[in-house]
Amino acid sequence: MITKIAPAVVVLGQNSVPVARQIISILPGATLYGLAGRTSGVDVSFTNFGDTLRELFAEGTPLIGICAAGILIRTIAPMLSDKKQEPPVLAVAEDGSAVVPLLGGLNGVNDLARRIAEALDVKPAITTTGDIRFRTALLSPPPGYHLANPDDAKKFISDLLAGAQVKLEGTAPWLSNSQLPIDPNGNLTIQVTERLVTSAPNRLVYHPATIAIAISDIVNIALIQQLLADAELASASVAGIFAPITLAVNPAIKAIANALKVPVRFFTSNQLENLTTQGYSPAQAIAINATGSSPLSSSSSHLEIAIAPTPIDPSTIGQAQGQLAIIGTGPGSPEWMSPEVKEILKSATDLVGYKTYINLIGSLADGKQLHESDNREEIARATMALDLAAEGRYVAVVSSGDPGIYAMAAAVFEVCDRYPKPEWESIDIHVAPGISAMQAAAAAIGAPLGHDFCAISLSDILKPWSIIEQRIARAAEADFAIAFYNPVSKERTWQLAAAQNILLQYRTPDTPVVLAKNLGRTGQMVKVIKLDQLTPDSADMRTVLLVGSSQTRTIQHSDGRISVYTPRRYTEQKI
Ligand code: SAH
């Protein structure tokens with residue numbers, strides 16, 4: 001076949017060189033041809049575009065022109081005579097946005113277009129209907145069908161394109177309603193079955209996802225495989241594992257599902273009650289609920305297999321294990337959000353949180369159910385999140401900074417501990433950490449938390465001021481650097497001055513204080529003052545304060561910048 005010759009990538013200007021190089025990187029041996037005077041750094045320089053192209057075409061060189069399709073067509077047109085002989089010719093847009101196969105349909109132009117388009121991350125503009133129709137239909141069957149012998153498909157498709165007829169055994173609307181040349185006497189066969197059958201080059205086998213495996217208790221995966229083998233069923237036809245919700249937290253159920261590469265779905269006892277009260281075993285009830293069919297005979301009371309008349313979409317049956325992720329977005333900017341948190345935000349179905357924090361997520365919140373609430377109703381919010389997760393949803397409770405630091409994680413665990421509900425037992429609860437305001441503040445100014453430190457919230461909404469007062473005194477006495485959260489709010493204005501007075505009993509007035517406001521958000525402000533300069537209007541509810549220990553030092557740089565750090569080495573304070 002002609003296409004054994006390595007392709008020529010042809011460019012008319014320097015702007016096209018980057019795309020050309022990108023294409024060449026996936027086509028070993030390809031040569032870059034560039035118009036002399038307009039391009040540099042190419043493999044071959046040419047002066048006459050038309051002659052060069054026609055020469056290459058005549059030799060059977062596959063041509064990839066980074067130019068308008070029309071230029072290629074006009075240039076090659078006089079040469080077109082034998083479609084069996086013509087090499088692939090493709091036009092690619094200079095910005096890599098379009099890949100258009102033009103000629104050489106019988107010599108792999110569409111495959112070449114697919115490879116190039118994949119490298120450029122675009123869809124190839126394939127227009128040969130026979131190829132699209134059969135290829136996508138047969139090689140990528142719709143969800144719910146698995147092709148058992150893809151290696152046979154290529155030959156099978158070329159036979160079809162050459163005019164062969166195909167016999168359909170079994171039912172699959174996507175095949176019977178397709179444009180395939182179906183004929184009961186065809187010499188090609190497509191078989192749709194959940195049974196284990198022998199495939200062959202002239203017989204494509206599709207396994208429909210019709211089998212439900214119902215388990216009412218953990219069973220050995222080998223037992224499942226044995227049962228499938230005894231019934232001569234293909235494991236590729238298994239649509240899912242179905243189980244009671246009480247098994248959701250058992251890691252063995254996930255291992256079974258992973259081994260069979262299928263999802264696992266759960267039923268509550270309420271959903272099974274109707275059948276179990278009629279005398280069905282829990283496993284039988286699950287099998288019937290999942291498929292609408294009676295189970296096959298089984299050897300274990302905890303394991304049943306049933307086959308549905310049409311493919312099962314597990315996402316529509318029962319429920320998933322509920323997931324509750326309590327996530328910290330970091331202080332604000334996206335680069336301070338952990339990759340784990342971003343992953344969770346992609347998968348979550350529901351977001352629960354204070355509006356400001358949900359806004360921090362930006363477009364990652366798109367398409368999710370939002371449950372915004374008042375910042376103060378932590379217990380109500382945690383309860384709502386758990387209830388949603390118990391229904392099988394994937395709920396992300398959103399906090400700023402770290403979710404375990406003055407934020408929602410503790411509230412969720414408190415609700416689980418003090419007001420437990422049985423249906424919450426099946427939820428997968430996970431905390432995903434974030435960068436806390438004190439870390440972001442410290443990083444912005446140097447290393448003020450470089451030695452022992454503690455964090456104190458000045459909010460007396462959830463704890464009495466007497467405790468806060470005591471804690472500040474002890475922390476100051478113990479010479480911790482101290483991060484103060486929630487320093488001031490509209491209703492709480494005097495606490496900061498009170499804290500300052502306590503601190504001044506243990507620290508010198510020139511102790512460095514870092515004021516960090518709106519970290520990672522618009523209006524970020526970080527400044528360093530001395531302890532005695534602190535006033536209530538130095539801070540607001542979006543400010544975190546870092547008060548140095550006796551060892552904390554300030555460096556004044558020659559360009560005016562200031563750094564603050566607390567050395568890790570300790571020199572005894574001279575009093
Ligand atoms: N979970 C958060 C803290 C929530 S408490 C965390 O780990 O950062 C709310 C307090 O945190 C605010 O009053 C303020 O003191 C501090 N804070 C939160 N985000 C901040 C930011 N972007 N800049 C400065 N301080 C912030």
Side-chain angles (χ1 to χ4, degrees), residues 325-338 340-341 344 351-362 373-379 381-382 385 396-414 431-445 448-449 453-463 468 471-472 475 481-497 499-500 513-529 534 536-547 564:
I326 308 141
I327 62 174
T329 60
S333 64
E335 61 272 27
W336 280 346
M337 188 187 288
S338 81
E340 182 193 20
V341 166
I344 291 171
L351 300 183
V352 173
Y354 180 46
K355 204 166 183 271
T356 314
Y357 301 156
I358 291 186
N359 288 345
L360 284 180
I361 300 169
S373 60
D374 191 288
N375 199 17
R376 297 218 178 156
E377 292 166 7
E378 288 197 342
I379 297 296
R381 213 184 320 160
V397 176
V398 184
S399 292
S400 82
D402 181 89
I405 297 179
Y406 306 122
M408 282 303 292
V412 170
F413 288 105
E414 184 183 343
V431 182
I435 295 174
S436 192
M438 64 183 167
Q439 291 166 282
I445 201 72
L449 306 180
F453 69 93
C454 67
I456 297 177
S457 166
L458 285 187
S459 166
D460 54 357
I461 297 170
L462 300 170
K463 64 184 174 195
I468 301 175
R471 208 160 272 174
I472 299 169
I482 307 171
F484 286 103
Y485 283 76
N486 301 307
V488 180
S489 77
K490 279 190 209 100
E491 301 91 55
R492 293 183 299 99
T493 45
W494 54 265
Q495 285 85 346
L496 188 59
Q500 179 193 29
V513 175
V514 180
L515 295 170
K517 184 170 170 173
N518 283 323
L519 289 155
R521 306 182 193 172
T522 36
Q524 169 168 320
M525 185 280 301
V526 180
K527 72 177 182 196
V528 185
I529 58 169
L534 197 59
D537 56 7
S538 322
D540 62 12
M541 57 196 291
R542 288 180 177 177
T543 310
V544 69
L545 272 82
L546 306 178
V547 176
V564 177

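Both ligands and their constituent atoms are indexed starting at 1 by order of listing.
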Under 4.0 Å from a heavy atom of [X]: give me the atoms of ligand 1 that qualify, with their elements.
| X | answer |
| --- | --- |
| Ala516 | 24 (C) |
| Met541 | 12 (C), 13 (O), 14 (C) |
| Pro487 | 15 (O) |
| Asp402 | 1 (N), 6 (C), 7 (O) |
| Tyr406 | 4 (C), 5 (S) |
| Tyr485 | 3 (C), 6 (C), 8 (O), 10 (C), 11 (O), 15 (O), 16 (C) |

How close does the nearest protein non-hydrogen atom get to [atom], and which residue and atom is it?
| atom | answer |
| --- | --- |
| atom 22 (N) of ligand 1 | Leu519 O, 3.0 Å |
| atom 14 (C) of ligand 1 | Thr543 O, 3.3 Å |
| atom 2 (C) of ligand 1 | Ser400 O, 3.3 Å |
| atom 10 (C) of ligand 1 | Asn486 OD1, 3.5 Å |
| atom 19 (N) of ligand 1 | Arg521 NH2, 3.3 Å |

Any heavy-atom pair between the side chains of [Y] and [X] that's under 4.5 Å?
| X | Y | value |
| --- | --- | --- |
| Ile482 | Cys454 | yes |
| Val431 | Phe413 | yes |
| Met438 | Leu449 | yes |
| Ser436 | Tyr485 | yes |
| Thr329 | Tyr357 | no |

(request) Could you tell me whether some N/O pair between Ile405 and ligand 1 is separated by less than 3.5 angstrom? (result) yes
(message) Can you confirm, on distance only, whether ligand 1 has an N/O atom lying under 3.5 Å from any N/O atom belonging to Lys517?
(response) no
(request) Please check if atom CZ in Arg492 has more than 12 non-hydrogen atoms from other residues, nucleotides or ligands closer than 6.0 Å. (result) yes
(message) Tell me whether Lys463 at atom NZ has more than 12 heavy atoms from other residues, nucleotides or ligands lying less than 6.0 Å away.
(response)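 Yes, NZ of Lys463 has more than 12 neighbouring heavy atoms, counting only those of other groups under 6.0 Å.
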(message) Applying a heavy-atom cut-off of 4.0 Å, say which part of Arg542 lies close to ligand 1: side chain, backbone, both or neither.
(response) backbone
(request) Tell me which part of Ala407 gets within contact of ligand 1: side chain, backbone, both or neither, using heavy atoms under 4.0 Å. (result)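 Only the side chain of Ala407 comes within reach of ligand 1.
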(request) Would you indicate which of Ala437, Ser436, Pro433 comes nearest to atom 7 (O) of ligand 1 when only heavy atoms are counted? (result) Ser436
(message) For Leu534 versus Gln500, what's the shortest heavy-atom pair and its separation?
(response)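 Smallest interatomic distance, heavy atoms only, reads O-NE2, 3.0 Å.
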(request) Taking all non-hydrogen atoms of both residues into account, name the closest pair between Ile358 and Val352 and its distance. (result)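 In terms of heavy atoms, the two residues are closest at CD1-C, 4.2 Å.
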(message) Nearest 0.5 Å, please: how far is CG in Leu519 from CD in Gln524?
(response) 5.0 Å
(request) State the CG-CG distance between Leu515 and Asp540, to the nearest 0.5 angstrom. (result) 10.0 Å
(request) Work out whether the distance between some heavy atom of Gly520 and some atom of ligand 1 is less than 4.0 Å. (result)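 Per 4.0 Å heavy-atom rule, Gly520 does not contact ligand 1.
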